[in-house]
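Worksheet: the structure to be examined is printed underneath.
This is a predicted model, so every value here is computed, not measured. Position 1 is the first residue of the sequence, and the numbers go up from there.
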Amino acid sequence: MSVKVSVIIPVYNPGAYIEDCISSLLRQSLPDDEYEAIFVDDGSSDETPARLDELAAAHPHMHVVHQEPSGWSGRPRNVGIARAQGEFVMFVDNDDWLGDEALERMYDYGTANEADVVVGKMAGKGRPVPLELFRVNRPKATVDNAPLIDSLTPHKMFRKRFLEKNKILFKEGRRRLEDHVFVAEAYLLASNVSVLSDYVCYYHVKREDASNAGFQRFDPVGYFRNLREALDVVEHNTEPGRLRDKLYRRWLRNEMVERLRAQRFLSLPDDYRKELYDEIRAVVGERMGPGVAAGLQPTQQVVAALISTGRFEDVGTYARWEAGIKPTGRLETMEWGEAGLSLGFSAEFQIEGEPLRFRTEDGEPLLDLPFGPEALAAITEAGASTRATVDGARVGLVVKERSSAAEFYQPIELTVERVPLEGDGDFRMVLRARATVDPATAAGGGPLGPGIWDIHVRIIACGWSKAARLGSVRDETVDKARRGALTGEPRRLVMPYWTQGYGNLSLDVDCETNWIDRDLAPLTPQDITLAGGAVRLPVPLHVAAGQGADLRLKPLKGGSATRVPASLAPGDGGAVLTATLPTAELARRTWKVELGVPSARRGAPRWTPLPVGVRVRADGRAAFAPASALTGDPRKRASLPQRIMRRLRRALSRA
């Protein structure tokens, strides 16, 4: 069978970081004879060459090319393209990894849509990745109808015949932004680009030692010389006007304006800041006409105006102001319903612990900028808008898997309020929202996988996009309403809980934590109704309708456990479990009691000990008692201070 996909991995001294990449390639759902991996070792001096040779010897579809060091990843990728036998080529960095079904899904999606380029959803572990691009599947994307230009890393699938026909190759040598040149040209020449967003295909990883090439400080002169090459590609393939301005805007925003904002700018040494600013100003003056900056958000337009007018000191002032702006969210309601877990919350920006202030002038909402009259006049003369686009503000609720960093937006309803502050026309912007997390569809239309999913709020307004955890600030009623739910088929537990030390909201899917044990801990014998052998007890879980459950009774001393069928039904403030104890089998013994919580990944219940046990007399009468009261010698159950006092009293009585 012909090879469908050739995966090309440039390799240079990755050490142990390459193991995740290798493992993900070996786990691919695509059959081994339908894909190949080509590792191009660019003169590694660690143990990697030997490791790759062993891999290739053990797996016929894994290949290795050893070459002298070229200094960057362009030449290794080109060598891989030349060696590739696949219909498509896929580029992967040696410290990243693929989703298990990535190659199969991307190939099928690209083939079905006759795409020359397939962009798979990315997740960033310590690295930023595009979010807007991956909100929905985009089978017929272009640089004009989708934010494709936001994703210029090469970690995509390209039809090899398309690359060869258009002679698209990577720039070689030690250089920056060679991937921008390659990907921009591919986007502009492709007959179709397809974006697959309902499955995480690529995990983009920041190494713990931060030694990824993209995290190293660069020489501004060389960097922006290389950036001009990417602009040349756009200029060669577009006409002057709206589309070219839109594409140029990506580099103005991401590679220039954003580098001069907030903490990203303030963290740089003083002399490097000035050198960076001067090189950026040169590119802006040469290539960026007025239509480019005009399409930026107002907060970004301000920086662009400070660049074009040569106000370097004001760039620092603005960066310090922006660095103090933080997002915050307040969780106000939480309840399970037919559609899933409903969360009501509010969100806004704050600065120095106070709401961020906006002002109104002639009925127009404006940014309350930290400048004097001279700087404000220069910004206005440069054509920059200082309008506060609060009415177009958005807020997103994101569930993010802790282990992989995969994140997904959830359905949301939103209203934007302007809350008056002291001062003529001053106000704060408050976003009030209700979002629903359906565990069966929350992961891009599929179910949330087992593990921990953290809840984030992302505020997008006025050119700021800032995320914060949700839950540490919450109404008292939320604590009372918090409970887990049994959902899906097969059933599994989804448990909202508060993270230790921070109190943020996370979801434990399928018993990753012991929070269910904590929720059951307050159960007392007084909560249990026992009539004959019929037992009713409250369980702090949401159940939509009656469903089966299990109790397991374990003898306190020796013997076999007894499993008792039970049922759960909706009750007041949770669920009610009912069961009939086989008292004849249980007679003359004391039993610990466990609740069987369904677990889809285990294929069997996860047994949770209850804080109560049951004694069954010879005549079959049963009585529940605290579990701590059922174990052995009362003197052994006493606390250490109690035992010390007993010994002291005995000693005094003998004196």
Where Ser403 and Lys125 come nearest, the two heavy atoms and their spacing: O-NZ, 2.7 Å
Test side-chain contact (heavy atoms from CB on, under 4.5 Å) applied to Trp251 and His180, step by step: CA-CA 10 Å; Trp251 283 277; His180 286 206; 3.1 Å; yes
Distance-minimising heavy-atom pair for Leu343 and Met334: CD2-CG, 3.5 Å
Side-chain ion pair, Glu172 and Arg75, N-O less than 4.0 Å: yes
Of Glu275, Arg225, Lys274, the residue whose pairing with Pro220 passes side chain to side chain contact (heavy atoms under 4.5 Å, CB included): Glu275
Backbone of Tyr277 reached by a side-chain donor or acceptor of Arg281 within 3.5 Å: no
Test applied, salt bridge (Lys or Arg N to Asp or Glu O under 4.0 Å); reference residue, Asp150; option that passes from Arg135, Arg253, Arg250: Arg253
Under-4.0 Å salt bridge between Asp454 and Lys400: no
Heavy-atom check, side chain of Tyr409 versus side chain of Val398, under 4.5 Å: yes
Within-4.5 Å side-chain heavy-atom neighbours: Glu407 and His456: no
Pair Ser191-Glu114, side-chain donor/acceptor within less than 3.5 Å: no
Heavy-atom closest contact (Met122 atom, Thr153 atom, distance): CE-OG1, 3.9 Å
Side-chain heavy-atom pair Leu188, His236 within 4.5 angstrom cut-off: no
Carboxylate-amine/guanidinium contact Glu132 Arg394, below 4.0 Å: yes
Pair Arg77 + Asp42: basic N to acidic O under 4.0 Å: no
Near-ring test Phe91/Phe170, centroid separation under 6.0 angstrom: yes
Distance-only side-chain donor-acceptor flag, Arg311 / Tyr318, under 3.5 Å: no
Side-chain touch Leu196/Asp198, heavy atoms, less than 4.5 angstrom: yes
Working for side-chain contact (heavy atoms from CB on, under 4.5 Å), residues Ile8 and Phe158: CA-CA 11 Å; Ile8 299 168; Phe158 301 85; over 6 Å; no
Parallel, tilted or perpendicular, as decided by the 30° and 60° cut-offs, for the rings of Phe408 and Trp453: tilted
Any donor-acceptor pair under 3.5 Å from Arg458 side chain to Gly396 backbone: no
Side-chain (Thr333) to main-chain (Gly344) donor-acceptor, under 3.5 angstrom: yes
Least distance between heavy atoms, Ala304 atom then Ala293 atom: CB-CB, 4.1 Å
Side-chain ion pair, Glu258 and Arg264, N-O less than 4.0 Å: no
Separation between CD1 of Ile460 and CG of Leu131, rounded to the nearest 0.5 Å: 7.5 Å
Pairwise side-chain contact, Leu133 with Leu148, heavy-atom cut-off 4.5 Å (strictly under): yes
Side-chain heavy-atom pair Met429, Glu348 within 4.5 angstrom cut-off: no
Close side-chain approach of Asp93 to Tyr17, heavy-atom, < 4.5 Å: no
Salt-bridge criterion met for Arg418 and Asp391 (N-O under 4.0 Å): yes
Distance, nearest 0.5 Å, that separates CH2 of Trp464 from CD1 of Ile459: 11.0 Å
Steps toward side-chain contact (heavy atoms from CB on, under 4.5 Å) verdict (Phe224, Phe218): CA-CA 10 Å; Phe224 288 101; Phe218 57 78; 4.3 Å; yes
Gln300 and Val303, any side-chain heavy atoms less than 4.5 Å apart: no
